[in-house]
Asker: 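Attaching a single structure in structure tokens format; questions to follow.
Quantities reported herein were computed from a predicted structural model and do not represent experimental measurements.
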Amino acid sequence: MRRVCPCCFTSLAQTHPKHRSHQVSKETADNRKTISASDNSEYLNQVMANSSSSQGTNIIQNHNFAVGMHSWRPNCCESWVVSGESGDSYAVVTNRKECWQGLEQDITSKVSPGSTYSVSACVGVSGSLQGSADVLASLRLEYQDCATTYKRIGITSVSKERWDKVEGSFSLSSMPNQVVFYLEGPSPGIDLLIKSVVITCPSANGKERVDRECIAAGDENIILNPIFDDGLNNWAGRGCKIFLHDSMADGKIVPQSGKYFASAAERTQTWNGIQQEVTGRLQRKRAYEVTALVRIFGNNVSSTGVQITLWTQMPDLREQYIGIAKVQATDKDWTQMQGKFLLNSSPSKVIIYIEGPPAGTDILVNSLTVRHAAKAAPSPPPIIENPAFGVNIIENSDLNNGTNGWFPLGSCTLNIQTGSPHILPPVARDSLGPHEPLSGRYILVTNRTDTWMGPAQMITDKLKLFLTYQVSTWVRIGSGASGPQNINVALGVDNQWVNGGQVEANDDRWHELSGSFRIEKQPSKVMVYIQGPASGVDLMVAGVQIFPVDRHARFKHLKNLTDKLRKRDVVLKFSGADSSSLLDATVIVKQTQNSFPFGSCISRTNIDNEDFVDFFVKNFNWAVFGNELKWYWTEPQKGNFNYRDADEMLDLCKNHGIETRGHCIFWEVESMVQSWVRSLNNNDLMSAVQNRLNGLLSRYKGKFNHYDVNNEMLHGSFFQGRLGKDIRANMFKTAHRLDPSASLFVNDYHVEDGCDPKSCPESYIEQILDLQEQGSPVGGIGIQGHIDSPVGPIVSSALDKLGILGLPIWFTELDVSSVNEYVRADDLEVMLREAFAHAAVDGIMLWGFWELFMSRDNAHLVNAEGDVNEAGKRYLALRKEWSSHAHGHVDEQGEFAFRGFHGTYDVTIVTTAKRTTKSFVVDEGESPLVVSISL
């Protein structure tokens, strides 16, 4: 469901700027000529020249503010343009209340994945400033159904009365829905001055060639007349009119490929657009790749979302909308869209269409291609030479040589003090084993004027690709903090922030900070730094450890734990035949079902694919529905109910003996609550909540073993904020009254990985105890398990902490993600082994397994067309390892003994006279289980 993407602690608002009258600080006004266009003239001319260099065309609009603030937007502050003495202009960004406030420009349509872009900006500062201030160039990347992420491009220290340059580069591995470039950084109250911004791509000239290749005509394209060379034949408007063009806007808009393009005009709804019916041209269970070239026109909209959607209708008139691709299109240039889809069934009607912009905005389409998706060859397993497991890559970690190897990030001050713990943090000890005592010295960081300031160290040459690194350190905050402070070990990997772990400190004791990370692409520069507390709060750091983890070395330990926990000695005692025929009779024992729950998320459309169903019922014994039981699905509009999908999925599970979890009754995160519910007044909202409980729990009484009552209460507060604190406990109490047989769960994410203080085990425990004190019948703890680079001891430590509550723990939405299937398989094995070996864990649910039907990319175990990849093979191998088989002969006492996993078994006894098969169950227990079998 949700993931917290690694980012810097610097707060980055996404609110729209408020439009106020232009104001500027007195000092900036007085010093407008202090940084004039003639100062640093040689340096400035070099920067300006870059915009027309051979490196490529500048993608920044109005890069030198020659036309005022056109294409630029202040982020929660104010800006205006000043003319310099030489006639040049520069922007003043003023009334800044936060360091992240600055100037931004949307560059979505100008960038593409795989290309490297160079950035150079000429900047200055003004205001009540002593010394220098840092100016940062950054990117904000907004994805559909995922948290916004940020990339730092470059940083420079700028003094008053001179221009300076901030430089860097960036590339994108995938295309976000929106890419925004912005400049930020100086402390609140300091004005940011911007002379020019240049972003170029050396390979940009090859874009047209690539686009032409993507839309090349061929028999494989199932779209008829894909580049409109046959006019508008085979195309139609979807609730609007379509027109053919060879140019528009007095020749300013021309096709990028071919001779023509089409427009969808006179649109009155966002779903209006251009469409083509493709009924009969698509094969079910076949993956297709889609590419399109689009742009927008008119209605004073310069940038907006455009999406490709597939609409299907079944013979029973059931409809489905499949989102294929979405992009932020502009009125300045053509934008390429890419996506992939698969049909599980054979619809009676299929239409592909392009939609999305607000009413009145035209959609322009240059081409559309739908082809069978080629199967990508899996990446080979990574080869890592001399991994040096357990060796700390941090220089001068014990601080015996003062601050050698360390440097202050920003204008803070580093000093060495004594009095920190002499022992490794517990989680590090679990990985490293016996270790010499720490020195007791720590870095005291003072004079911090921003959250990101702290001790830093370059570690570029010490990292190896595909190794998983564990992070461990002691941290503490000084006095004077106004509340709890987040502390983070962060890594600057080229221009991207990577989260190495976080912890919340709210007192004057030392706190253990644990985390992990992995680098899968060769970086040019990697810096590790410790950051987070508010400006003015001192930070203390001791015993920083970053070391590669031999994750397989822990498996032997986990196998031993698993053997003790999940297996039992069994004695089969045979009777009913004479002893002479039983002696040395052959015994074959085969486990037919492991009683431990291994489940997966499924969706309604999945069950139309018999290949999916076959893999699912063979390899899982529990199910959870991805969306079909959520309130926004069962009642999308008030009084308009849809239980049909959930009913059919329940029938499938019942027919195959698969148990089910109910996910979820409510979702506490406001953005996940449907609009009609959000719009209710408090009295009507309370009534709607009660109706939801009565309707769902009464309909499905006794059919779901578990319910996630109010999803993600550590990350949202919609219902509690509107209806008061008691509403959460009332939800649990009412659900229990309506269906006493169901176990009622809390469920949240990032509980197990150390990267989110909001949902650390301690916070989760506090929430559960609070619910119990209010009388809530909490029956289980759900850990979603959307995790990156898992390290066993970190996961195990979280489970140990939660285990003190005595409630069953389930991993409810487990998935791992890596482009490399072998690395993905390793991640999955770590999580499965840790969970299966822990006494507090009672079940594991994967959040899907089939490509194109998972919430995370590169997380699937089975490719779209049914090929099991390396991660899937690892899962199957573990399930086989955790299934017991034995064979031998009946001994003189008429017995056969073995040790096996809990579950259901068949035993076959072959004597000289006959062959007999019986079934029995091995349940949990410490003493040997004696099973009497009559022949």
Asker: Can you check whether I783 reaches V841 side chain to side chain, under 4.5 Å on heavy atoms?
Answerer: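 Heavy-atom side-chain distance check fails, nothing below 4.5 Å.
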Asker: What are the two closest heavy atoms between F745 and P808, and how far apart are they?
Answerer: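 Result for this residue pair: CE2-O, 4.2 Å.
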Asker: Passes salt bridge (Lys or Arg N to Asp or Glu O under 4.0 Å), D507 versus R509? Steps please.
Answerer: CA-CA 6 Å; D507 50 37; R509 63 187 176 91; 3.0 Å; yes
Asker: Does this structure show an ion pair linking D788 with R518, if we count only N-O contacts that are shorter than 4.0 Å?
Answerer: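 No salt bridge links D788 with R518.
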Asker: Anything under 30° is parallel, anything over 60° is perpendicular, the rest tilted; go ahead and classify F666 against F719.
Answerer: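 F666 and F719: perpendicular rings.
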Asker: Rounded to the nearest 0.5 Å, what separates atom CG in D756 from atom OH in Y749?
Answerer: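 The distance works out to 6.5 Å.
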Asker: For D753, give me all partners under salt bridge (Lys or Arg N to Asp or Glu O under 4.0 Å), at least two apart in sequence or on another chain.
Answerer: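 Testing D753 for salt bridge (Lys or Arg N to Asp or Glu O under 4.0 Å), a comparison that skips the adjacent residues, returns none.
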Asker: Could you check if a side-chain atom of K630 sits within less than 4.5 angstrom of a side-chain atom of M672, using non-hydrogen atoms only?
Answerer: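 Side-chain contact under 4.5 Å: no.
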Asker: Hey, which of N710, N711, L771 is the one that makes side-chain contact (heavy atoms from CB on, under 4.5 Å) with V746?
Answerer: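 Considering N710, N711, L771, a side-chain contact (heavy atoms from CB on, under 4.5 Å) with V746 is found only for L771.
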Asker: What residues, two or more places apart in sequence or in another chain, satisfy salt bridge (Lys or Arg N to Asp or Glu O under 4.0 Å) together with R722?
Answerer: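 For R722, no residue satisfies salt bridge (Lys or Arg N to Asp or Glu O under 4.0 Å) once neighbours in sequence are set aside.
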Asker: State, yes or no, whether a side-chain contact exists between F517 and V528 at a heavy-atom distance under 4.5 Å.
Answerer: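 F517 vs V528: side chains apart.
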Asker: Nearest heavy-atom pair of F181 and L139: which atoms, and what distance?
Answerer: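 In terms of heavy atoms, the two residues are closest at CA-CD2, 3.8 Å.
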Asker: Assess the residue pair D134 and S157 against the criterion (side-chain contact (heavy atoms from CB on, under 4.5 Å)); give the C-alpha distance rounded to whole Å, side-chain angles, the decisive distance to 0.1 Å, and a yes or no.
Answerer: CA-CA 4 Å; D134 288 334; S157 184; 3.6 Å; yes
Asker: When rounded to the nearest 0.5 angstrom, what is the spacing between CD1 in I416 and CG in L399?
Answerer: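 The CG atom of L399 is 4.5 Å from CD1 of I416, to the nearest 0.5 Å.
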Asker: Stepwise, does the side-chain contact (heavy atoms from CB on, under 4.5 Å) test hold for C76 with K97?
Answerer: CA-CA 8 Å; C76 300; K97 304 297 191 297; over 6 Å; no
Asker: Under the side chain to side chain contact (heavy atoms under 4.5 Å, CB included) test, which residues partner L769, sequence neighbours left out?
Answerer: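 Checked L769 against side chain to side chain contact (heavy atoms under 4.5 Å, CB included); matches are I765, Q772, L805.
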Asker: Can you tell whether the side chains of E184 and R96 come within less than 4.0 Å, N to carboxylate O?
Answerer: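 Judged by the 4.0 Å cut-off on N to carboxylate O distance, E184 and R96 do not form a salt bridge.
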Asker: What pair of heavy atoms forms the shortest contact from I844 to A835, and how long is it?
Answerer: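 In terms of heavy atoms, the two residues are closest at CD1-CB, 3.5 Å.
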Asker: Tell me the closest heavy-atom pair linking G492 and Y529, and the distance in Å.
Answerer: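 Residues G492 and Y529, closest heavy atoms: N-CE2, 3.9 Å.
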Asker: Does any N or O in the side chain of Q470 come within less than 3.5 Å of the main-chain N or O of S516, such that one atom is a donor and the other an acceptor?
Answerer: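 A pair under 3.5 Å: no.
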Asker: List the residues meeting salt bridge (Lys or Arg N to Asp or Glu O under 4.0 Å) with E766, not counting sequence neighbours, and say none if there are none.
Answerer: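 Per chain and number, E766 pairs via salt bridge (Lys or Arg N to Asp or Glu O under 4.0 Å) with no residue.
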Asker: Does some side-chain heavy atom of L465 sit less than 4.5 Å from a side-chain heavy atom of P523?
Answerer: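 SC-SC contact between P523 and L465 confirmed.
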Asker: Could you check whether any side-chain N or O of H786 sits under 3.5 Å from a backbone N or O of E813, counting only pairs where one atom can act as donor and the other as acceptor?
Answerer: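 Such a contact is found between H786 side chain and E813 backbone.
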Asker: What do the steps show when you test K151 against D494 for salt bridge (Lys or Arg N to Asp or Glu O under 4.0 Å), and what is the final call?
Answerer: CA-CA 9 Å; K151 280 187 175 229; D494 291 334; over 6 Å; no
Asker: Using side-chain heavy atoms (C-beta onward) and a distance below 4.5 Å, is D708 in contact with R661?
Answerer: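 Counting from C-beta outward, D708 and R661 do come under 4.5 Å.
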Asker: Any idea which heavy atoms bring G185 and L136 closest together, and the distance?
Answerer: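 Smallest heavy-atom distance, with atoms named: CA-CD1, 3.6 Å.
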Asker: Can you tell me how the ring of W847 sits relative to the ring of H663, calling it parallel under 30°, perpendicular over 60° and tilted otherwise?
Answerer: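 Judged by the thresholds at 30° and 60°, the geometry between W847 and H663 is perpendicular.
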Asker: What distance do T460 atom OG1 and I393 atom CD1 have between them, rounded to the nearest 0.5 Å?
Answerer: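 Going from OG1 on T460 over to CD1 on I393, the span is 10.0 Å.
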Asker: Are any side-chain N or O atoms of E512 and backbone N or O atoms of V427, one a donor and one an acceptor, separated by less than 3.5 Å?
Answerer: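 Yes; judged by distance alone, with no hydrogens or angles, the pair exists.
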Asker: Look at atom CG of D857 and say whether more than 12 heavy atoms of other residues, nucleotides or ligands are closer to it than 6.0 Å.
Answerer: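 Counting other residues, nucleotides and ligands, CG of D857 stays at 12 neighbours or fewer.
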Asker: Main chain of V778, side chain of S776: is a donor-acceptor contact present, judged purely on distance under 3.5 Å?
Answerer: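 No; judged by distance alone, with no hydrogens or angles, the pair does not exist.
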Asker: Report the C-alpha separation of D770 and R728 in whole Å, then their side-chain angles, then the decisive distance to 0.1 Å, and conclude whether the salt bridge (Lys or Arg N to Asp or Glu O under 4.0 Å) test is met.
Answerer: CA-CA 10 Å; D770 184 59; R728 292 178 172 179; over 6 Å; no
Asker: Applying salt bridge (Lys or Arg N to Asp or Glu O under 4.0 Å), can you list everything that pairs with R833, at least two apart in sequence or on another chain?
Answerer: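 Applying salt bridge (Lys or Arg N to Asp or Glu O under 4.0 Å) to R833 gives E829, E881.
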Asker: Of all the heavy-atom pairs spanning R448 and A534, show the shortest one and how long it is.
Answerer: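 Closest approach of R448 to A534: NH1-O, 3.1 Å.
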Asker: Does F555 have any ring pair (Phe, Tyr, Trp, His ring centres under 6.0 Å) partners at least two apart in sequence or in another chain, and if so, which?
Answerer: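 Ring pair (Phe, Tyr, Trp, His ring centres under 6.0 Å) list for F555, sorted by chain: H552.
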Asker: Hey, does P533 have a side-chain heavy atom less than 4.5 Å from the side chain of I487?
Answerer: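 With C-beta onward as the side chain, the pair touches.
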Asker: Within the side chain of R554, is there an N or O that forms a donor-acceptor pair under 3.5 Å with the backbone of D430?
Answerer: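 No; judged by distance alone, with no hydrogens or angles, the pair does not exist.
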Asker: Quick one: CZ on F170 to OG on S138, what's the gap to the nearest 0.5 Å?
Answerer: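 Here the rounded value is 11.5 Å.
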Asker: Within the side chain of T413, is there an N or O that forms a donor-acceptor pair under 3.5 Å with the backbone of N447?
Answerer: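 Such a contact is absent between T413 side chain and N447 backbone.
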Asker: Could you give me the CA-CA distance, side-chain angles and deciding distance for R874 and D826, then say whether salt bridge (Lys or Arg N to Asp or Glu O under 4.0 Å) is met?
Answerer: CA-CA 8 Å; R874 190 74 58 88; D826 287 345; 2.8 Å; yes
Asker: Indicate yes or no for a side-chain donor-acceptor contact from N747 to the backbone of E712 under 3.5 Å, with no hydrogens or angles considered.
Answerer: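 Flag not set: sc N747 to bb E712 has no pair under 3.5 Å.
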Asker: Using modelled atom types only, decide if a donor and an acceptor are shared between the side chain of D748 and the backbone of L714 within a distance under 3.5 Å.
Answerer: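 Side chain of D748 to backbone of L714: a pair is present.
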Asker: Before you tell me yes or no, could you show the steps for E834 and L558 under side-chain contact (heavy atoms from CB on, under 4.5 Å), namely the whole-Å CA-CA distance, both residues' side-chain angles and the distance that decides it to 0.1 Å?
Answerer: CA-CA 7 Å; E834 289 292 342; L558 296 176; 3.4 Å; yes
Asker: Does Y442 reach the main-chain N or O of P421 with its side chain, forming a donor-acceptor pair under 3.5 Å?
Answerer: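 Answer holds: no.
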Asker: Around atom NZ of K462, are there more than 12 heavy atoms from other residues, nucleotides or ligands closer than 6.0 Å?
Answerer: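 Yes, the 6.0 Å shell around NZ holds more than 12 heavy atoms from other groups.
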Asker: Kindly determine whether L814 and L832 satisfy side-chain contact (heavy atoms from CB on, under 4.5 Å), including the steps that lead there.
Answerer: CA-CA 9 Å; L814 177 62; L832 292 176; 4.0 Å; yes
Asker: Can you find a heavy atom in the side chain of L846 that is under 4.5 Å from one in the side chain of D815?
Answerer: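 With C-beta onward as the side chain, the pair stays apart.
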Asker: Distance from I787 atom CD1 to D827 atom CG, nearest 0.5 Å?
Answerer: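 Nearest 0.5 Å value for the CD1-CG distance: 8.0 Å.
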Asker: To the nearest 0.5 angstrom, please state how far the CD atom of Q545 sits from the OG atom of S514.
Answerer: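 One finds 11.0 Å between CD of Q545 and OG of S514.
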Asker: Any side-chain heavy atom of L141 sitting closer than 4.5 Å to one from L172?
Answerer: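 They are in contact (side-chain heavy atoms under 4.5 Å apart), so the answer is yes.
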Asker: When you compare the side chains of Q101 and N75, does any donor N or O come within less than 3.5 Å of an acceptor on the partner?
Answerer: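 N75 and Q101 do not have a side-chain donor-acceptor pair below 3.5 Å.
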Asker: Is there a donor-acceptor pair closer than 3.5 Å between any side-chain N or O of S397 and the backbone N or O of V544?
Answerer: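 Here the side-chain-to-backbone pair exists.
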